[in-house]
Novice: 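One structure, pasted below without further comment.
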Amino acid sequence: MADGSSFYITTPIFYVNDVPHIGHAYTEVAADVIARWHRQAGEDTWSLTGTDEHGQKILRTATANGVTPQEWADKLVADAWVPLLETVDVANDDFIRTTEPRHEQNVQKFLQKLYDDGHIYTGEYEGYYCVGCEEYKQESELVAGTGEYEGQLVCAIHSKPVELLHEKNYFFRTSAFAERLLALYEERPDFVQPESARNEVLGWVRSGLADLSISRSTFDWGVKVPWDETHVVYVWFDALLNYITAVGYGQDDEEFARRWPAQHIVGKDILRFHAVIWPAMLMAAGLEVPRGVFGHGWLLVGGEKMSKSKLTGIAPEQITDVFGSDAFRYYFLSAISFGQDGSFSWEDLAARYQAELANGFGNLASRVIAMVTRYCEGVVPSAGALTEADLEISAIERRATEDSWAAIERLAVHEAIAAAWELVDALNGYLTAEEPWSLAKDPAKRERLETVLAVAYHGLGTLAVLLSPVLPKATAKLWTALGAPGTVQGQRIDRAHEATLGERVSALEALFPRVEVAE
RNA sequence: GGGGCGGUAGCUCAGCCGGUCAGAGCAGUGGACUCAUAAUCCAUCGGUCACGGGUUCAAGUCCCGUCCGCCCUACCA
């Protein structure tokens, strides 16, 4: 079904000046689960993440800290962003930094091509400039002045009048691609997902596109515009190109052909850049547009979008230190309908950890391993004659396998987990109904006992495979305890119910130990 | 100002193109069971589907309006 085909997935690249919070980690984890799932389905998978290191903000903070912008970026990448991936257990294939030669050189090639082909022109950017902030302001950032500045627009931060400045800039003819973009959205209704994001994008494009200013000459921390080195490429234009420079654009045609196009996973706040400007850039360069752009929702804390300024920003380690990376991954991807906004609360996290991971899955694994150990001396029994209940479990294993994979292909991560979880619930119910502990008391029921345990053991093996993209650590432990060959990540997830398991179980520590009430 | 999304049981949310749509999980309550991480299983309490109109044989489900919340509004990413 999925053998060999190419699957390339990306996250946005992190702006290194930000502080990592669970929103960043959420995006990473979502893309990682999808990537792992495709990889385990036998696809030629590539997952990319990285960092965006150019721009005035970084130059400014680096200067303020007395180091070069490159040194500043190096430090943030090493201290904050690479560690974030470890914290939430992301298995990316590549990590691109926009300051790497493979990126900068090919951004220039791309830009030169667009320039040569007439998609870029020289224009004049006009905007309100605040001397205090040293940057241009949007009108929404300005307020009416009072007192001596009555009647003038002033900066909301400094309450001083802003100046209307003009600056020579290079512009990309985004507007020339409006019709082709609309045709794209029309032909491929799933190009922008979810539906709500698509509608929003349609609205923007229909209401008209303005050309994008893509260069700056007021600072120099960026990729130089090849035909005019007094300008550097505007940060967004630079950043978006990471998706192709990372897979060989401009220097390795074979690799590029193998990977591109990508499925982009982004937060809905940057949908405009990914679903409108980016495809337009690619069209201009004569390249294929992305496979799709998925805009996920916000994490809400106390009903509002999480943010540092409102002190609702939460560092991922705060969660993983207490519950572990598996729980982090499971919680955000199962509790939130992927694409929708989701509420985060410690109470909800703790409750789901306890009810679903500890009591549901963890305890199931524990009781099955314990009974095989206790009643069969650890030797995995083989099934005898099968009853209707046994066959029903087999059917659910198959259904969970098929449904979860189908959901992943639609990027419905939460549905995939829910489909797999039906097997958790079914197995717990099966054990209660079949009562192997009662069968064990009667030697005459030995065959039935072994059959029940064999069925439960097999179901647990299927679960280990199905949940491995979401719970890599716990399922690896479980796989070992099941005595199954190879690694759980090495098993075909699209055929999880057919996995080859083992012959002897070994002790299994609690997969999700009880956690003392946090906060 | 313009635009988007949302307001469904205590909590978090499903409900696609109108007709068993009034649901799930958690929490609560009652019971069963003991293999297991005081876990599991069964049953059960619980909602004027924000409000007001309208269309229709029939509306959380479509239309209009109101209120409330969040977000976007184009160069900080």
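Chain naming here is simple, since letters A, B, ... match the order of the sequence lines and numbering starts at 1 in each. As a basis for the values below, the full set of heavy atoms in this structure was taken, side chains included, without hydrogen atoms, waters or symmetry mates.
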Novice: Taking atom P of rA74(B) as reference, at what distance in whole Å does atom CG of N169(A) sit?
Specialist: 16 Å
Novice: Select from G429(A) and F14(A) the residue whose nearest nucleotide in RNA chain B is closer to the 5' end of that strand.
Specialist: G429(A)
Novice: Give the nucleotide from the list rC72(B), rU37(B), rC75(B) with an atom nearest to the side chain of N359(A).
Specialist: rU37(B)
Novice: Step through the shown structure and confirm whether more than 12 heavy atoms of other residues, nucleotides or ligands are within 6.0 Å of CD on E186(A).
Specialist: no
Novice: What does the 5'-to-3' dot-bracket notation of RNA chain B look like when only Watson-Crick and G-U wobble pairs under 3.5 Å count, and pairs to other strands show as |?
Specialist: (((((((..((((.........)))).(((((.......))))).....(((((.......))))))))))))....
Novice: For a quick check of understanding: with a heavy-atom distance under 4.0 Å over all strands, which category does G203(A) fall into, base, sugar-phosphate or nothing?
Specialist: nothing
Novice: Using whole Å, what does the distance between atom P of nucleotide rA36(B) and atom CD of E509(A) come to?
Specialist: 18 Å
Novice: When you measure from the side chain of Y353(A) to the backbone of Y331(A), do you find a donor-acceptor pair of N or O atoms at a distance under 3.5 Å?
Specialist: no
Novice: So if I take every side-chain heavy atom of D269(A) and compare against rA77(B), rC41(B), rU34(B), which nucleotide ends up nearest?
Specialist: rA77(B)
Novice: Output the single nucleotide from rU37(B), rU34(B), rC71(B) whose closest atom is nearest the side chain of W298(A).
Specialist: rC71(B)
Novice: Examine distances only and state if a side-chain atom of Y185(A) and a backbone atom of A275(A) form a donor-acceptor pair shorter than 3.5 Å.
Specialist: yes
Novice: Backbone N or O of E124(A) within a donor-acceptor pair of the N169(A) side chain at under 3.5 Å?
Specialist: no
Novice: Of S438(A) and T432(A), whose closest RNA chain B nucleotide lies nearer the 5' terminus?
Specialist: S438(A)
Novice: Looking only at side-chain atoms of F171(A), point me to the closest of rC75(B), rA39(B), rA36(B).
Specialist: rC75(B)
Novice: Base, sugar-phosphate, or nothing: which does A358(A) touch, judged by heavy atoms less than 4.0 Å apart?
Specialist: base
Novice: Rounding to the closest angstrom, what is the interatomic distance between rA22(B) and rC49(B) at atom C1'?
Specialist: 7 Å
Novice: Tell me what F512(A) touches on the nucleic acid: a base, only sugar-phosphate, or nothing, going by heavy atoms under 4.0 Å.
Specialist: base
Novice: From the set rU37(B), rA77(B), rC75(B), return the single nucleotide nearest to any side-chain atom of V235(A).
Specialist: rA77(B)
Novice: Just the rounded figure in Å: distance from P of rC35(B) to CG of D442(A).
Specialist: 15 Å
Novice: To the nearest Å, give me how far apart CD (E356(A)) and P (rG25(B)) are.
Specialist: 11 Å
Novice: Which nucleotide in the list rA38(B), rU34(B), rA36(B) gets nearest to the side chain of R374(A)?
Specialist: rA36(B)
Novice: Give a yes or no on whether the backbone of E53(A) and the side-chain of T98(A) come within a donor-acceptor separation of less than 3.5 Å.
Specialist: yes
Novice: Does rG53(B) count as syn, meaning its glycosidic angle lies within 90° of 0, or as anti?
Specialist: anti
Novice: Measure from CG on L364(A) to C1' on rA39(B) and round the result to the nearest Å.
Specialist: 11 Å
Novice: Between rU37(B) atom C1' and M371(A) atom CE, what is the distance in whole Å?
Specialist: 14 Å
Novice: Got a donor-acceptor contact below 3.5 angstrom from the H296(A) side chain to the I265(A) backbone?
Specialist: no
Novice: Determine the interatomic distance between C1' on rG6(B) and the same-named atom on rC51(B); round to the nearest Å.
Specialist: 16 Å
Novice: With respect to the side chain of Y234(A), which nucleotide from rU40(B), rC33(B), rA77(B) is positioned closest?
Specialist: rA77(B)
Novice: Should R60(A) be listed as having a side-chain N or O under 4.0 Å from OP1 or OP2 of rC76(B)?
Specialist: no
Novice: In whole angstrom, what separates Y330(A)'s OH from rG25(B)'s P?
Specialist: 13 Å
Novice: When you measure from the side chain of H119(A) to the backbone N and O of A284(A), does any donor-acceptor pair fall under 3.5 Å?
Specialist: yes
Novice: So if I take every side-chain heavy atom of W236(A) and compare against rU73(B), rA77(B), rC76(B), which nucleotide ends up nearest?
Specialist: rA77(B)
Novice: Which nucleotide wins on minimum distance to the side chain of D52(A), given the candidates rA77(B), rU40(B), rA74(B)?
Specialist: rA77(B)
Novice: Which word best sums up how the rings of F273(A) and W236(A) line up, parallel for under 30°, tilted for 30 to 60°, or perpendicular for over 60°?
Specialist: parallel
Novice: When we call it a touch if two heavy atoms are under 4.0 Å apart, what does I369(A) touch: a base, just sugar-phosphate, or nothing?
Specialist: nothing
Novice: Rounded to the Å, how far apart are H24(A) NE2 and rA77(B) P?
Specialist: 14 Å
Novice: Would a 4.5 Å heavy-atom cut-off, applied to side chains only, mark R399(A) and E422(A) as touching?
Specialist: yes
Novice: Please answer whether the main-chain N or O of V233(A) pairs with a side-chain N or O of D238(A) as donor and acceptor at a distance below 3.5 Å.
Specialist: no
Novice: About how many Å separate CG of L271(A) and CZ of R198(A), when rounded to the nearest 0.5 Å?
Specialist: 12.0 Å
Novice: What pairs of nitrogen or oxygen atoms, one from the protein and one from nucleotides 4-15 of chain B, lie under 3.5 Å apart?
Specialist:
from    : atom 1 : to      : atom 2 : distance (Å)
rU12(B) : O3'    : S343(A) : OG     : 3.4
rC13(B) : OP1    : S343(A) : OG     : 3.1
rA14(B) : OP1    : Q340(A) : NE2    : 2.6

